[in-house]
Amino acid sequence: APFFTEVGVNLFVADYRGYERSTGSPTFVPMMCDASSIFASARDIAVKNNIPRFYLMGRSLGSLPAVELAANFAGQYDGLILESGMSSVPQVLRRLGLPVPAGPARNLEEAVSRRLAAITTPALVIPGERDELIPLEEGRALYAGLGSVSRELVVIPGAGHNDIGLVGHAPYFGAIRRLLGRA
């Protein structure tokens, strides 16, 4: 959070069910359902506090609800940041050695592809070069699938899944500054 503050960003962080201090189980359907409520609450806070610009950000598994929100709430946010995100749940499950449910996973992959293509706001995709959970190819696929004309892919050299902002502090926050028009 302090690094975002240095860039001049107000940060609203939400933990999905089963993560950090949040209760419940981290299952996919509740996470996606919670995303709309979280978006509405954050948007209300921004409006009440006269915060003129509002960006969506999804990290890791949170990239999926961020893409969903970005596709469904066009015109209600100014840009999208996807960090260590995925476009293909089946590919990530295979990489982790987990079973891939045939129908639901394929349907989800197609849905993500359609939603990415529907996103036209400025977008920033930031994958780590050495991400051990979500490979670099996923970040490249997110970038390629976006419908945004104004978009940037910033690969952080040497970064893994959980150290991306530290290993690549300068390029990471430089890209965020560019997206915000503060470079």
Side-chain angles (χ1 to χ4, degrees), residues 12-20 22-44 46 54-128 131-156 161-162 164 175-176 179:
F12 181 94
V13 178
D15 291 325
Y16 289 100
R17 296 176 199 203
Y19 287 92
E20 297 295 328
S22 178
T23 60
S25 296
T27 55
F28 186 75
V29 172
M31 178 184 68
M32 296 302 280
C33 291
D34 291 345
S36 291
S37 297
I38 291 166
F39 176 83
S41 295
R43 188 82 181 115
D44 287 348
F54 189 79
Y55 291 81
L56 294 172
M57 181 174 181
R59 182 185 183 290
S60 189
L61 184 58
S63 63
L64 295 173
V67 166
E68 178 77 11
L69 293 171
N72 290 331
F73 293 99
Q76 296 184 44
Y77 67 97
D78 296 291
L80 173 65
I81 302 168
L82 299 171
E83 176 191 324
S84 302
M86 67 182 84
S87 66
S88 172
V89 173
Q91 292 294 342
V92 173
L93 290 175
R94 281 187 203 97
R95 181 178 174 95
L96 297 174
L98 298 170
V100 178
R106 188 177 331 105
N107 293 340
L108 177 60
E109 190 167 13
E110 291 169 4
V112 170
S113 179
R114 283 191 309 274
R115 282 163 179 77
L116 280 169
I119 297 168
T120 58
T121 56
L124 171 61
V125 178
I126 311 175
D131 192 319
E132 63 281 2
L133 295 178
I134 301 175
L136 174 58
E137 294 76 30
E138 287 295 311
R140 291 187 194 282
L142 280 174
Y143 176 78
L146 282 165
S148 304
V149 173
S150 176
R151 61 187 176 170
E152 183 177 6
L153 174 68
V154 177
V155 177
I156 305 299
H161 191 71
N162 291 314
I164 195 165
I176 290 175
L179 179 68

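Throughout, numbering of the chain's residues begins at 1 and tracks the sequence.
- With sequence neighbours left out, the ring pair (Phe, Tyr, Trp, His ring centres under 6.0 Å) criterion links Tyr143 to no other residue.
- A distance of 8.5 Å separates CE of Met57 from CG of Leu82, quoted to the nearest 0.5 Å.
- Residue pairs meeting the side-chain hydrogen bond (donor to acceptor under 3.5 Å, both in side chains) criterion with at least one member in residues 63-74, sequence neighbours excluded: Glu68-Asn72, Glu68-Arg115.
- Within the structure, the side-chain hydrogen bond (donor to acceptor under 3.5 Å, both in side chains) test picks out the following pairs touching residues 144-156 (sequence neighbours left out): Glu152-Arg178.
- Summarising the geometry of Val125 relative to Gly139, their closest heavy-atom pair is CG1-O, 3.5 Å, with the distance given to 0.1 Å.
- Paired with Pro127 under the rule side chain to side chain contact (heavy atoms under 4.5 Å, CB included), one option of Ile134, Ile156, Leu153 passes, and it is Leu153.
- At distances below 3.5 Å, at least one donor-acceptor pair connects side-chain atoms of Glu138 with backbone N or O atoms of Ser87.
- The shortest non-hydrogen separation linking Met86 to Leu64 is O-CD2, 3.8 Å.
- Minimum heavy-atom separation, Pro122 to Asp78: CD-O, 3.5 Å.
- When side chains are defined from C-beta on, Phe73 does not count as touching Arg43, because their heavy atoms never get closer than 4.5 Å.
- Rounding to the nearest 0.5 angstrom, the gap separating the CG atom in Leu142 from the CD atom in Glu83 is 12.0 Å.
- Scanning both residues, Ile38 and Ala14, for their nearest heavy atoms gives CG2-CB, 3.6 Å.
- For the atom pair CD1 of Ile126 and CG of Leu179, the computed distance is 8.5 Å after rounding to the nearest 0.5 Å.
- Two rings, from Phe54 and Phe12, have their centers 6.0 Å or more apart.
- Residues Gly62 and Pro65 share a closest heavy-atom pair of O-CD, 3.3 Å.
- Within the 4.5 Å cutoff, the side chain of Ile164 has heavy atoms near those of the Ser84 side chain.
- At a threshold of 4.5 Å between non-hydrogen side-chain atoms, the residues Tyr55 and Thr121 do not count as touching.
- Between Ile119 atom CD1 and Leu56 atom CG the span is 8.5 Å, to the nearest 0.5 Å.
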